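Basis for what follows: all heavy atoms, side chains included, without hydrogens, waters or symmetry-related copies. Whatever order the structure lists them in is the order used to number ligands and atoms, beginning at 1. Given the structure is predicted, the values throughout are model-derived calculations rather than measurements. The first residue of the sequence shown is numbered 1, and numbering continues consecutively from there.
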Amino acid sequence: MTSKQGQPGATGFHDRYGLTRIINARGTFTPLGVSRSSVRVGDAVAEALQHYVVIDELQDAASEGIARHIGAEAGAVTHCVAAAITLSVAAAMAGTRPDDIARLPDATGLRNRVVLPAGHAVHYGHPISQAVSLAGATPILAGNAETCPLSALESALGHPETCCLLLVSSRLIEGESIDLAAAVETAHRRGLPVIIDGAAQDLRIGELLATKADLVLVSAHKYMASPTAGLVIGRQELVQAVRAQEQGIGRGMKATKEAIVGVLCALEERAALDLDQWCQAQEDKVSRFVDRAKAIDGLMASTVADPAGMPFPRVHLSLTSGPTSMNAAALAAALKSKKPPIWVMEEKLAKGEIVLELVQTQDDEIDEILARLGAILS
Ligand SMILES: *Cc1c(COP(=O)(O)O)cnc(C)c1O
């Protein structure tokens with residue numbers, strides 16, 4: 001996100017550990033290390049590692065930081081968003097009751113049904129339903145993959161053993177989009193809390209909180225570029241119940257002191273960011289890439305907005321039926337087969353498209369990508 005990044009182009013780091021230097025045009029992807037933090041965040045983390053702290057005080061400071069910078073009642077830091085999903089569901093079942101916290105994931109006798117629209121049952125490296133089951137809860141899919149009308153949500157939420165509604169805001173969701181605010185209202189009418197997984201939607205956090213969801217979960221290590229961490233943001237009472245899970249199943253999902261300090265630093269950097277200017281820079285970066293890609297024989301390029309509404313575009317590339325008989329899948333494979341391997345988004349390959357996310361891709365890497373494309377297609 002910031003201009004003061006380290007020197008990811010330098011190979012010293014990778015050589016030392018025998019690692020492959022890669023060029024990431026695939027976005028905030030977990031198997032590639034997600035993001036690159038600023039030097040400032042790195043320094044804050046290094047400093048935190050030198051000290052003892054009262055973790056509760058540090059989580060309180062994080063809550064204040066989240067409240068101040070994001071404008072919510074309270075917040076907490078968890079190991080990651082997958083952990084935040086499990087712990088938020090656990091919190092909806094067990095509250096702050098020590099006995100119930102201690103016996104999870106055995107949720108017998110607790111209200112343990114978690115309603116999730118079927119199209120929101122996303123797979124972000126593992127199925128979200130597994131993050132729900134880990135707490136001891138049972139995911140209940142409402143509607144089908146194509147559509148989940150409010151009436152389908154109503155009837156699923158009507159079951160007396162329901163503990164919460166889980167919604168997802170992501171470019172990964174399928175089917176007709178759901179009016180999140182209306183879904184939240186449907187659950188609230190039944191006195192049920194709502195959790196929104198907006199892991200990669202941190203730049204839209206205000207919009208997600210405006211739905212009146214009780215908890216919104218976003219990643220701190222994706223676009224905010226902190227160390228690995230998830231943010232739980234929302235109502236004080238439920239945030240406290242999430243934190244209380246550290247005496248239960250949350251033990252193995254805790255945020256480290258260095259991650260919490262890194263999050264506080266990354267939050268400050270985000271607050272200092274001129275968002276309009278940043279968005280303009282993303283537009284310019286993508287349109288410059290598209291212009292240069294179009295000049296390559298055999299390649300078509302266009303700018304495409306993010307389907308979930310994140311405020312930056314991506315590059316879509318496809319092949320003309322020109323001299324090469326290559327398809328998109330072969331082009332993606334060719335990009336990855338030389339050194340350094342270039343990783344792109346592959347979910348549109350079947351439609352003949354390669355998608356590139358350039359938010360954290362640096363100018364020298366962009367030059368390398370365009371040179372590689374030119375070489376492959378010449
Ligand atoms: C990335 C992502 C997650 C998981 O986030 P982690 O912090 O890597 O655990 C969950 N849900 C969605 C929609 C995601 O995009």
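Side-chain atoms of Q280 and D284 form a donor-acceptor pair, as typed in the model, at a separation below 3.5 Å.
In this structure, Q277 places its CD atom where only 12 or fewer heavy-atom neighbours from other residues, nucleotides or ligands lie under 6.0 Å away.
Remark: R26 qualifies as a cation-pi partner of F29 under the 6.0 Å distance and 45° angle criteria applied to the six-membered ring.
Residues meeting the side chain to side chain contact (heavy atoms under 4.5 Å, CB included) test with L172, sequence neighbours left out: V122, Y124, S170. Contacts of E57 classified as salt bridge (charged side-chain N to carboxylate O under 4.0 Å, His left out), with partners at least two apart in sequence or in another chain: none. For Y17, the ring pair (Phe, Tyr, Trp, His ring centres under 6.0 Å) partners are F13, not counting sequence neighbours.
At a 4.0 Å heavy-atom cut-off, the residues surrounding ligand 1 are T30, C80, V81, A82, Y124, S170, D197, A199, H221, K222, listed by chain and number.
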